[in-house]
Engineer: 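The structure's right below; bear with me while I get my questions together.
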Amino acid sequence: MPNDPKAMKVRVESSRLVKPSYEGHPPPTTLRVPLSVFDKVTYNTHIAVIYAFRPPTPCNSTVEKGLSMVLSEYREWAGRLGKDPKGNPVILLNDEGVRFIEASAETTLDKAMPFKPSAALLSFHPSLHGVAELVQVQLTRFTCGSLMVGFTAHHLVADGHATSNFLVAWGRSSRGLAIDPLPLHDRTTFFVPRSPPKLEFKHRGVEFTSKNKFDKGKEDPLKDDIVVSKVHFTKEFLNKLKAQASLGSKSNRPHTTFESLVAHLWRVVTKARGLDGCETTQVRISVNGRTRLSPRVPNEYFGNLVLWAFPRAKVAELISQPLQFAAELIHDEVAKVNDGYFRSFIDFASSGVVQSENLSPTADMGKSVLCPDLEVDSWLRFPFYDLDFGGGSPPYYFMPSYFPVEGMLFILPSSMGDSSIDAFVPLFCHNVDAFKHNCYSLVLA
């Protein structure tokens with residue numbers, strides 16, 4: 001098959017560091033940016049995404065120049081993670097640069113498509129492991145003139161919202177346009193703890209857990225048998241899901257597409273896993289604090305500002321109850337992650353208890369198996385498709401890289417641009433058939 005990793009020949013042509021390009025006198029390279037409480041609680045890893053562009057595409061030097069220019073406004077990406085004299089984690093604004101790789105594929109994009117979520121994707125972006133650079137870019141040229149952009153970014157620096165804003169700004173720079181709006185870099189003003197602190201909610205065992213109790217993930221002997229399925233949900237099917245999920249809604253409002261789809265996937269995956277009915281299952285759902293905190297934090301804020309909701313249910317109840325049951329659980333738990341909850345977290349994480357009790361974040365990409373739980377990373381509201389390096393059209397294709405973590409789902413707008421949604425669902429191979437049997441059904445069989 002054309003997208004088999006053995007058949008896909010990608011040759012690296014060059015690799016170098018790209019540093020910020022400044023107008024006038026460059027700023028000092030001795031500054032440090034302390035990580036906020038939201039930076040320190042998130043995933044300590046690189047995340048990779050992949051874009052594909054049809055011709056006409058700009059030359060590599062244009063994309064590289066745009067990257068150098070945008071880094072002057074997003075200096076954190078060109079820096080390095082480090083410690084201040086007191087041992088606190090910081091971003092060193094040393095302008096050491098981001099990794100920039102040029103590569104070529106000995107085939108056309110049409111022959112390489114469709115890209116299945118498999119290890120073949122790993123050849124289109126730099127390795128995520130043992131990396132000092134906070135951003136890495138790989139431009140892969142196909143013989144037809146198409147361009148694939150592999151992008152990796154360290155999650156401690158910024159969340160998906162901020163990273164997608166950076167990507168759009170990079171595109172603007174490559175087209176010779178001003179960066180507008182400019183990023184907001186202040187990581188302290190918005191997150192000042194209250195005095196005295198008000199710890200109104202539980203945070204131990206939610207965002208943090210004891211290091212000696214921290215489960216690094218179940219080392220299941222079948223971890224190498226995880227298959228990532230890409231499933232496509234049409235606008236028509238999503239409308240049917242929303243209608244069914246909203247029947248008898250307690251809030252007298254229809255459920256969102258997100259709530260309805262996550263409820264559906266939670267039930268279908270749980271059914272496919274064949275779990276004991278007495279077992280408890282939960283979904284970890286990201287909640288963007290920019291719109292939750294009061295006063296609101298501007299959308300241009302550059303950094304991490306995410307906490308999580310954890311709807312949970314007994315397996316038997318989740319499967320036997322109608323779709324609206326799961327949708328209500330999701331809606332109610334997400335609604336609880338409000339300004340009060342974010343403020344309580346800030347107070348807790350700033351109190352010193354994390355250090356004194358040697359607590360660790362529960363956000364961990366090192367796990368290989370999440371069963372009986374799920375994690376849902378939603379990219380539905382991120383402007384990833386607004387990236388334009390100068391070709392004049394949106395990306396032909398966009399997807400996450402290959403993350404074979406059982407139960408870690410990615411959902412994102414389809415490249416078709418018709419309000420349909422793609423979901424990437426990693427499961428054990430022996431559960432895949434059962435998942436696909438119910439995936440497009442409104443009633444679990």
Side-chain angles (χ1 to χ4, degrees), residues 3 8 10 12-13 18 46-67 70-71 74 77 98-105 107-118 120-128 135-155 158 160-175 228 230 232 377 379-403 410-417 420-422 424:
N3 54 7
M8 184 70 67
V10 176
V12 172
E13 309 287 355
V18 173
H46 270 257
I47 300 294
V49 297
I50 296 169
Y51 285 96
F53 295 87
R54 295 281 196 187
T57 58
C59 61
N60 288 3
S61 61
T62 297
V63 179
E64 181 179 3
K65 181 181 178 182
L67 178 61
V70 77
L71 287 174
Y74 287 87
W77 286 135
V98 307
R99 179 62 53 186
F100 186 83
I101 294 175
E102 295 175 291
S104 60
T107 185
T108 65
L109 182 62
D110 285 336
K111 289 182 179 179
M113 295 286 287
F115 291 109
K116 294 183 179 179
S118 72
L121 296 175
L122 302 179
S123 63
F124 290 110
H125 62 75
S127 172
L128 307 183
V135 154
Q136 302 178 105
V137 174
Q138 179 175 320
L139 306 185
T140 303
R141 293 284 175 177
F142 290 81
T143 57
C144 60
S146 295
L147 171 66
M148 184 162 284
V149 180
F151 176 85
T152 88
H154 205 296
H155 211 318
H161 179 101
T163 301
S164 61
N165 285 344
F166 165 77
L167 288 165
V168 174
W170 177 16
R172 290 183 62 87
S173 272
S174 299
R175 304 194 317 270
V228 183
K230 177 189 173 184
H232 178 76
D377 291 299
W379 297 351
L380 294 177
R381 295 187 177 181
F382 297 159
F384 284 116
Y385 284 104
D386 292 346
L387 176 58
D388 178 7
F389 292 115
S393 58
Y396 172 74
Y397 202 74
F398 168 72
M399 68 185 297
S401 183
Y402 180 57
F403 293 106
F410 291 88
I411 58 175
L412 56 151
S414 166
S415 57
M416 294 180 179
S420 59
I421 291 175
D422 292 331
F424 294 80

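We count residues from 1, following the sequence as given.
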Engineer: Any idea how Phe384 and Trp379 line up, ring-wise: parallel (<30°), tilted (30 to 60°), or perpendicular (>60°)?
Structural biologist: tilted
Engineer: Just how far is it from atom CD1 of Ile421 to atom NE2 of His232, taken to the nearest 0.5 Å?
Structural biologist: 9.5 Å
Engineer: Considering non-hydrogen atoms only, spot the tightest contact between Thr163 and Ala153 and give its length.
Structural biologist: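 Looks like CG2-CB, 4.4 Å.
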Engineer: List the atom of Cys144, the atom of Pro55, and the distance in Å for their closest heavy-atom pair.
Structural biologist: O-CG, 3.6 Å
Engineer: Does the side chain of Thr152 pick up a donor-acceptor pair with the side chain of Arg99 at under 3.5 Å?
Structural biologist: no
Engineer: Rounded to the nearest 0.5 Å, how far does CG of Leu121 lie from OG of Ser401?
Structural biologist: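 Here the rounded value is 5.5 Å.
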Engineer: Please find the pair of heavy atoms, one from Ala48 and one from Leu128, that lie closest to each other, and give the distance.
Structural biologist: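 Distance-wise, the nearest heavy atoms are CB-CD2, 3.8 Å.
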Engineer: Side-chain contact, heavy-atom cut-off 4.5 Å: Trp170 with Phe151?
Structural biologist: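 Of all side-chain heavy-atom pairs linking Phe151 with Trp170, at least one is under 4.5 Å.
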Engineer: Only counting residues at least two apart or in another chain, list the ones meeting ring-ring contact (aromatic ring centres under 6.0 Å, His included) with Phe100.
Structural biologist: none
Engineer: Applying side chain to side chain contact (heavy atoms under 4.5 Å, CB included), run through Thr57 and Phe389 and close with a yes or a no.
Structural biologist: CA-CA 8 Å; Thr57 58; Phe389 292 115; over 6 Å; no
Engineer: Any side-chain heavy atom of Val149 sitting closer than 4.5 Å to one from Leu139?
Structural biologist: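 Sidechains of Leu139 and Val149: in contact.
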Engineer: OG1/Thr143 to CG/Asp110 distance, rounded to the nearest 0.5 angstrom?
Structural biologist: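 The CG atom of Asp110 is 9.5 Å from OG1 of Thr143, to the nearest 0.5 Å.
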Engineer: Taking His125's backbone N and O only, do any of them form a donor-acceptor pair with Gln136's side chain (distance below 3.5 Å, no angle check)?
Structural biologist: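 Side chain of Gln136 to backbone of His125: no pair is present.
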Engineer: State, to 0.1 Å, how close Met148 and Phe142 come at their nearest heavy-atom pair, and which atoms those are.
Structural biologist: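 Result for this residue pair: CB-CE1, 3.8 Å.
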Engineer: Is there a side chain to side chain contact (heavy atoms under 4.5 Å, CB included) between Val228 and Phe403 once you walk through the steps?
Structural biologist: CA-CA 8 Å; Val228 183; Phe403 293 106; over 6 Å; no
Engineer: About how many Å separate SG of Cys59 and NZ of Lys65, when rounded to the nearest 0.5 Å?
Structural biologist: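 One gets 10.0 Å once the value is rounded to the nearest 0.5 Å.
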Engineer: Would you call the rings of Tyr397 and Phe115 parallel, tilted or perpendicular, where under 30° means parallel and over 60° means perpendicular?
Structural biologist: tilted
Engineer: What are the two closest non-hydrogen atoms of Val135 and Val98, and how far apart are they?
Structural biologist: O-CB, 3.3 Å
Engineer: Mind checking whether Leu67 and Ser173 have side chains closer than 4.5 Å, heavy atoms only?
Structural biologist: no
Engineer: Strictly below 4.0 Å, N to O, side chains only: are Arg172 and Asp386 in salt-bridge contact?
Structural biologist: no
Engineer: Determine, stepwise, if the pair Phe53 / Leu109 fulfils side chain to side chain contact (heavy atoms under 4.5 Å, CB included).
Structural biologist: CA-CA 9 Å; Phe53 295 87; Leu109 182 62; over 6 Å; no
Engineer: Parallel under 30°, tilted from 30 to 60°, perpendicular over 60°: which one fits the rings of Phe382 and His161?
Structural biologist: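 Aromatic pair Phe382/His161 classed perpendicular.
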Engineer: Would you give the length of the straight line joining atom CG of Leu412 to atom CG of Leu380, rounded to the nearest 0.5 angstrom?
Structural biologist: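 That separation rounds to 7.5 Å.
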Engineer: Using only atom types and a distance under 3.5 Å, with no angle test, would you say the side chain of Glu102 pairs donor to acceptor with the backbone of Arg141?
Structural biologist: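 The answer is no, because no donor-acceptor pair under 3.5 Å joins these two groups.
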Engineer: Show your working on side chain to side chain contact (heavy atoms under 4.5 Å, CB included) between Lys230 and Asp422 and close with a plain yes or no.
Structural biologist: CA-CA 7 Å; Lys230 177 189 173 184; Asp422 292 331; 3.5 Å; yes
Engineer: Looking only at non-hydrogen atoms, find the nearest pair between Ser414 and Tyr385 and report the distance.
Structural biologist: C-OH, 3.6 Å
